[in-house]
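Chain A is the first sequence line, chain B the second, and so forth, proteins listed ahead of strands; every chain is numbered from 1.
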Amino acid sequence: MESYKKPDRENVSNWYIDIIQQAKLYDYGPVKGTMVLRPYGFSIWKAIQQYLGAEIEKNGCYDTYFPSLIPESFITKEKEHIEGFSPELALITYAGGEKLSEPITIRPTSETIMYSYFSKWIQSWRDLPLKINQWVNIVRWEKRNLPFIRGTEFLWHEAHTAHATEIDADEQIKSALSLYKRFFEEFLAIPVITGKKTPSQKFAGAAYSTSCEALLIDGKGLQIGTVHNLGQNFSKSFDIKFMNVDNNENYVWQTSWGISTRALGGLILTHGDEKGLVLPPKVAPIQVVIVPIWKNEKEKTDIQNKTEEVLQTLKLNNIRAESDFRNEKPGWKFNDWEMRGVPIRIEIGPKDVENNSVILARRDNRAKNVVKNDNLIDEINNLLIDIQHRLFNKAQKFVEDNTHYTDNYKDFSDIIENKSGFVSAYWCGDDNCEKSVKDETKATTRCIPFDNGTGEGTCIYCGNKATLKPIWGKAY
RNA sequence: CGGGGUGUAGCGCAGUUGGCUAGCGUACCUGCUUUGGGAGCAGGUGGUCGUCAGUUCGAGUCUGACCACCCCGACCA
């Protein structure tokens, strides 16, 4: 094992691929673009499922399961949907020893299969809203992969709702987005910008899409959560109608929203540093690791006892803790656990037994402090909260420092090429301007922020009057 | 699917104008000594050199095809 260089624009890609494997989070699957989540990595995903799952349920969406095998004819029902997804579909044409009469796709997303049931289940306004969720795997044949960030198979949750009115659907969009923002910022400590996608960036088949956009340490943007307003596009294709109070038949208004294992990539590439992973306490599978240190057999017994005692106390107080009795030098263990991103390390040595204290070392700023046994639990609880806040604040400052403002295209190109990060700049709304900027600078619109995304100015590309002020940037 | 690159031990790499038993670091196993910031010594395990074909007395090394992965583009959560 070796030490890692500080991640920067030049080597962040190698650092990332290295660190996720060294930390025992991730391994490559045998088929290109597939992943193996190891216990440490899956624990993080499980923590996400627990927190986010509870929030989704509070929002009124209940878990379901729909098949991963979807008839091809379902996917082709919504015109724009199939146009967007066809290049990414995995199609089964041969099974059970014979050619299938109708090809079957492996779930690229579940709109079509779910909505074919919505049309059965929804008859009356009394059946609305219908709100469901599922935690499943997804297959989209990608040409280019990056662990967690983009893969052929990934895990996600997808929530789907149907409403009686457009207003209700819009309300659902807002509540889902604020749920997501809270999740990212309070749980993963990842600051996100919420906003509306431009038409060219929206989900295939949506009326409009909204998203949570993160800025990672290499200055690239990441769409880390999406919430789509599907309008009546799918309800018309799938014939999802209900009889309203006024005895008129109407099509439902729908939304769908999801967060995937991509969030793990965002997590790692938001907080990681030159020593490896940095995990916010709320998602860290291990919040506290105890490293015992001794010189001889007599010390060893005392220290083992004290370590065991501290470990039990931590567990009784619902702190996720482990001790490390591996036969390695303490320094080796310090580096190992720092690389794996554990928020707090406790060192227990002869001096600590003698003084009725322990040493607390925090991962985020690597500060060490001596703490008396009596105050241990309070100190650790405070520290966990403090680390969580500090990580968020640090990440938010990074986003602020790397968000630029300009109305000059030369400056714009220069910023994108040399500084990277986000650029807030006006856009006239013309697809061609958006595309030209992309072709010339590689920057795309990330979203039009709900906060400070409008005003009056001139388009960064054509110079015409503009009222939209999207965030631009290179993206994964 | 276009341009570039790389395939040699779990991981990272070296291997000269074709030559003898394919090497180094690290990891791993055994033993002893160690343990407050990546320990030391001794011994040991581990390879059809990406695949297939060709040239040659002889191929990790040369030729061709194929495959995989990585980087850069087009497409996307």
Side-chain angles (χ1 to χ4, degrees), chain A residues 1-4 10-14 16-18 21-22 24 27-33 83-89 107-109 137-158 180 197 200-204 206 209 211-214 221-228 256-266 275-276 291-297 299-300 303 324-339 345-355 357-359 361 366 368 370 435 438-439 442 444 474-476:
Chain A
M1 203 175 302
E2 54 187 76
S3 61
Y4 292 88
E10 261 58 57
N11 67 15
V12 70
S13 167
N14 286 335
Y16 175 69
I17 288 165
D18 243 29
Q21 292 175 90
Q22 295 282 0
K24 299 179 183 169
D27 216 330
Y28 287 96
V31 173
K32 182 177 177 178
E83 278 173 12
F85 273 102
S86 62
E88 299 183 78
L89 289 180
R107 166 171 60 215
T109 179
N137 61 327
I138 289 295
V139 170
R140 295 181 186 174
W141 221 258
E142 296 289 346
K143 306 258 195 249
R144 215 177 135 187
N145 309 103
L146 186 64
F148 296 128
I149 305 286
R150 189 186 302 99
T152 294
E153 183 181 27
F154 57 90
L155 305 181
W156 78 354
H157 97 84
E158 51 179 326
Y180 277 0
K197 286 292 195 180
S200 76
Q201 298 276 337
K202 78 175 171 64
F203 174 74
S209 290
S211 69
C212 297
E213 302 287 333
L222 184 73
Q223 178 176 311
I224 198 168
T226 47
V227 179
H228 310 295
S256 69
W257 25 295
I259 285 178
S260 72
T261 35
R262 171 178 272 192
L264 298 184
K275 299 287 285 183
V291 176
I293 300 155
W294 65 82
K295 282 201 175 67
N296 54 51
E297 284 304 308
E299 286 176 359
K300 185 179 172 181
I303 285 159
D324 183 358
F325 278 100
R326 288 178 294 179
N327 187 23
E328 300 287 351
K329 303 272 283 185
W332 187 91
K333 295 179 185 176
F334 296 170
N335 283 287
D336 191 47
W337 291 110
E338 281 169 5
M339 188 264 294
R345 177 180 70 247
I346 297 181
E347 299 170 21
I348 298 179
K351 291 176 210 159
D352 306 302
V353 171
E354 202 175 306
N355 301 331
S357 62
V358 300
I359 289 177
R366 307 190 66 219
K368 279 193 191 189
V370 178
K435 185 161 191 316
K438 184 184 178 185
D439 292 344
K442 293 173 194 165
T444 53
K474 286 188 200 164
Y476 275 104

Which whole number of Å gives the distance between the C1' atom of B:G10 and that of B:G47? 12 Å
Across the strands shown, which category fits A:I138 at heavy-atom distances under 4.0 angstrom: base, sugar-phosphate, nothing? nothing
Select base, sugar-phosphate, or nothing to describe what A:R345 touches, counting heavy atoms under 4.0 Å on all strands. base
When all nucleic acid strands are considered with a 4.0 Å heavy-atom cut-off, which category describes A:P350: base, sugar-phosphate, or nothing? base
Protein-nucleic acid N or O pairs under 3.5 Å, nucleotides 39-43 of chain B:
none

For A:G258, which contact category applies under a 4.0 Å heavy-atom criterion: base, sugar-phosphate, or nothing? nothing
My validator wants the stems of RNA chain B: runs of 3 or more consecutive Watson-Crick or G-U pairs, both distances under 3.5 Å, written as range with range. B:1-7 with B:67-73, B:10-13 with B:23-26, B:28-33 with B:39-44, B:50-54 with B:62-66
Sugar-phosphate means primed atoms, P, OP1 and OP2; the rest is base. With that split, encode nucleotides 68-75 of chain B 5' to 3' as B, S or - using protein heavy atoms under 4.0 Å. -SSSSBBS
Can you list the residues that meet the salt bridge (Lys or Arg N to Asp or Glu O under 4.0 Å) rule with A:E299, with sequence neighbours excluded? none
Just call it for A:F154: base, sugar-phosphate, or nothing, with non-hydrogen atoms closer than 4.0 Å on any strand. base
Report yes or no: do A:S209 and A:H228 form a side-chain donor-acceptor pair below 3.5 Å? yes
Just jot down the salt bridge (Lys or Arg N to Asp or Glu O under 4.0 Å) partners of A:K474, sequence neighbours excluded, or say none. none
Would A:F334 pass as stacked on B:G38, i.e. its ring centre under 5.5 Å from the base's six-membered ring centre and planes under 30° apart? no
For A:S260, enumerate each residue passing the side-chain contact (heavy atoms from CB on, under 4.5 Å) test, keeping only those at least two apart in sequence or located in another chain. A:F154, A:W156, A:R262
Name the nucleic acid region contacted by A:E299, choosing base, sugar-phosphate or nothing; use a 4.0 angstrom heavy-atom cut-off, strictly under. nothing
